[in-house]
Amino acid sequence: MKSQDIRANFLEFFKEKSHRIVPSAPMVIKDDPTLMFTNAGMNQFKEFFLGNSIPKETRVVDTQKCLRVSGKHNDLEEVGKDTYHHTMFEMLGNWSFGDYFKEEAIAWAWEFLTEVCKIDKDCLYVTVFEGSTDKDNLAKDEEALELWRKIVAEDKILYGNKKDNFWEMGDQGPCGPCSEIHVDIRPAEEKAKVPGASLVNQDHPQVVEIWNLVFMQYNRRANGDLESLPSKHVDTGMGFERLCMVMQGVQSNYDTDVFTPIIREIETITSAKYAKDEAVDIAIRVIADHIRAVSFSIADGQLPSNTGAGYVIRRILRRAIRYGFTFLDTKEPFMYRLVKVLSDTMGDAFPELRDQRQLIENVVKEEEHSFLKTLDQGLVLLDNIVASNKGKTIDGRKAFELYDTFGFPIDLTALILGERGYELDEKGFEIAMQEQKKRSRSASEVSKEDWVVLDSDNEQEFVGYDMLEASVKLVKYRKVTSKKEGEQFQMVFNLTPFYPEGGGQVGDKGYLELVNGDVVYILDTKRENNEIVHFSKELPATLTDKFKAVVDKKQRQRTAANHTATHLLHQALREVLGEHVEQKGSAVHSKYLRFDFSHFAKLTVDELREVENFVNARISGNLPLVENRNIPMEEALEQGAMALFGEKYGDAVRTIRFGQSVELCGGTHVKNTGDIWHFKIKSEGAVAAGIRRIEAITSDAVKDFYSENNKMLFEIKDLLNNTADPVKSVTALQEENSLLKKQVEALLKEKAKNLKGELLQELTEVNGIQFLAKQLSLDAAGIKDIAFEMGNNKDNLFLLFAAENDGKALLSCYISKELVAQKNLNAGTIVRELGKYIQGGGGGQPFFATAGGKNPNGIAEALEKAKGYLG
RNA sequence: GGGGGAUUAGCUCAGCUGGCUAGAGCGCUUGCCUGGCAGGCAAGAGGUCACCGGUUCGACUCCGGUAUUCUCCA
């Protein structure tokens, strides 16, 4: 069975059991500081299990794209070395939110595997939680056991401990026992030798867990106690790639049709052959795996970058490039050519791949290109290190520098050194690495004290769409200390008019007014774990009183103007450039706005003007804000609202409409586009392959901008005697200037020639040496010039020139090189010695040197003494 | 957020511990030669050494700051 059919069958199977098929959440997580990527199917349903929100459907089925790049069993560096680890994978799952429980979950899982997938029952093993004797003192999961006994032979049921069969989300929250289903795909003769039951959960590549059924029935409280949940949930996760391996009768995930088309394409492009040589195989698996992870991330809007999640993506991509470079001899970009095959095979299930294919290819190609360049440069640097190295061991610190500063992979360094018979001092590298980590950690160290809870009211509300002032009560606060900000306080209120940073828009600033009239400034507002946290430098003197919370109105209005302008800009770009324009990032500040979008070429001056005009036409059109705070997602989309790739939306969404521009958005906006006053693009440029960035300003900032420009123009006009046409005047000035320059140059040349002629006349011959010591009225560069000029075509010249500038004395000594060699003279030494008379010092080269001093009165004496060196 | 590196001609880069009147290759312009794929030869133009400040007799070079960019760590 083809993988596409396996996925479709799974979704269809549960749809028939009244499940609603929902799309995969984005793989990249944007507003959870503790998690960068979706790493399990349940991530997007967390809020339902926590009870923070009520799901609209109680039965749901999906396939979730996941990325695991860290953790004990999935270190990035391990992927590719075996046949079953991946960075990116799909998790098939069926979910019950307070609906069915163990009976259905177990029966359906078994039905799907044995009836739909037709997997031989004899190969399947199931595990049941055996209970625990620790302080939780949990009983054996008799309920699950009884259910399994009805359908599975007794000898296929195994018991698992708390580590394997009791699932917890974190320190707190819903948890419960689970049942895993394992499958043994070894050949019959091996099964006969070693019973499969003994290999379950033993990391055997052919006796693997394919499905985990989690039964959430407890809630772990903050004090560590367990309590029964009023409504029980089911959370299941089945590794799609493993299921395909089992169904397609192969021994490796990479031999399923999820990967084989990509592997065939790698073979075609690189002429390498899979399944011949282990090193090559690893490289091919690494590339096949990583191109998936990288492509899906980019489709979700996460581009490779040098920070955060983007940096993880860059590392994954670079790891694949490096394996290709070393083992498949790919010295040119090639991975971007795999994107087509990937989008062909997975584009049906994940349309974002197909829609974003061009962008993914551009970005990957650009990344490959720049990393190959990095490798090239690194190879040269490594050559230098080796060439200047004494002995056979290369200093680990040097290798670290190569890695840290130039991005040259350490394992490649080790490999190349090995080939050349050198050894890498790995300890030195490790030490340098640890130092670097320590530095980073201590710099970003933040110490957070415990929350002080004053009030149990936890249903805080954001009222800032409608008001900028509100009477609030402090619910909890804590002190946070960081190196950068020093001591800060974080406060949570029962309700707040302050907008927390999100959707590209900055958090509100403002102040709290106390009953006695004192004021505490709020410096920033952020959302953390669905709570709105206010930052300040001090705490209010009285904690339990009510405060008047006041948002900085001016900043909020400017920000709102910029946010609305961002929507209009988005619309304008799609109108002017085409429908391929997608928002790729946005930053809305009070002073300016920044908008990143996919587009393949630099915008022309005409296009920029057209975009500006489009936006300004809508501003002068005085379009009113039409806000819909709570409408179903489908309805919003029907109205043509623009949703972003890689953005997670709930079932109910907020839409913001200005004329034809409709977007899903949580930010704050002006009441009418007329409030924006004016929109002005300040710059347009590239941020990555296929991504452009526009920076623009609105309202007051535009006024400031024009008034600044106007002021400058008046100043320029003033300088040009109030000319009517400054451009013409400046052009005329420039022409005149260049003409004068040429004339001056000619004159100076003429003058120098004359001076040179005069000075040559004044030369006297002493001991066969052409000599002159004289004070000139030139600066240091002029003296140098004339001295070198005079020295041309002469091999027995000795010059000492002096000058007085700004009350300081200057001596320059020139001696023909031939003379220097013959008589063993040194202008540097001479100038230093003569420097005494002008109370200064100096130096230079043997044939030309200068000295400076603060006593011009000594010049005469210095010139006088010059003769003394001729003997 | 923290550390390190880079910024020199249109492009790619040299320029060692401060002192050659800032160079090379490619490209460009002009002239001559040449029936063969990156043609050859010769001449020439092209630089605020990223920017600001400091140290020094003297700064592309050293120090501090700013900008841009690369890179590693978080």
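All values derive from a computational prediction rather than experimental measurement. Residue numbering restarts at 1 for every chain, and letters A, B, ... go by the order of the sequence lines.
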Minimum-distance nucleotide (side-chain atoms of Phe847(A) versus C72(B), C20(B), C13(B)):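 Of C72(B), C20(B), C13(B), C20(B) is nearest to the side chain of Phe847(A).
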Partner nucleotide, any strand, of U17(B) [Watson-Crick/G-U, under 3.5 Å]: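 Pairing partner, where one exists within any strand: none, as none qualifies.
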Watson-Crick or G-U wobble partner of G64(B), both distances under 3.5 Å: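 Looking at the geometry, G64(B) pairs with C52(B).
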Inter-nucleotide [atom1] distance ([N], [M]), Å rounded:
N      : M      : atom1 : value
A22(B) : C37(B) : C1'   : 37 Å
C72(B) : C62(B) : P     : 25 Å
G25(B) : G3(B)  : C1'   : 35 Å
G15(B) : A9(B)  : C1'   : 14 Å
U29(B) : G23(B) : P     : 24 Å
U69(B) : G47(B) : P     : 26 Å
G27(B) : C16(B) : C1'   : 29 Å
U56(B) : C63(B) : P     : 16 Å

Measure [atom1]/[X] against [atom2]/[N] and give the value in whole Å, please.
X         : N      : atom1 : atom2 : result
Lys854(A) : U56(B) : NZ    : C1'   : 13 Å
Tyr403(A) : U71(B) : OH    : P     : 12 Å
Ile783(A) : G58(B) : CD1   : P     : 13 Å
Phe406(A) : G4(B)  : CZ    : P     : 13 Å

Could one point to a donor on the side chain of [X] or the base of [N] with an acceptor on the other under 3.5 Å away?
X         : N      : value
Gln436(A) : C72(B) : yes
Asp404(A) : G3(B)  : yes
Thr850(A) : G19(B) : yes

N/O donor-acceptor pair under 3.5 Å between Asp524(A) side chain and Phe535(A) backbone: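 Pair absent, no side-chain N/O of Asp524(A) close to backbone of Phe535(A).
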Side-chain donor or acceptor of Thr330(A) paired with backbone N/O of Gly324(A) under 3.5 Å: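 Yes; at least one donor-acceptor contact below 3.5 Å.
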Qualifying residues under ring-ring contact (aromatic ring centres under 6.0 Å, His included), relative to Tyr869(A), sequence neighbours excluded: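 Testing Tyr869(A) for ring-ring contact (aromatic ring centres under 6.0 Å, His included), a comparison that skips the adjacent residues, returns none.
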Arg832(A) or Gly842(A), whichever maps to the more 5' nucleotide of RNA chain B: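 Taking each residue's closest nucleotide, the earlier one in sequence belongs to Arg832(A).
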Earlier contact from the 5' end, RNA chain B, for Phe788(A) and Gly840(A):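 First, find each residue's nearest nucleotide; the 5'-ward one identifies Phe788(A).
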Aromatic ring proximity, centroids under 6.0 angstrom, Phe371(A) and Phe325(A):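 Ring centroids of Phe325(A) and Phe371(A) are no less than 6.0 Å from each other.
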Spacing of Lys591(A) atom NZ and Thr559(A) atom OG1 [to the nearest 0.5 Å]: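 Reported to 0.5 Å precision, the distance equals 10.0 Å.
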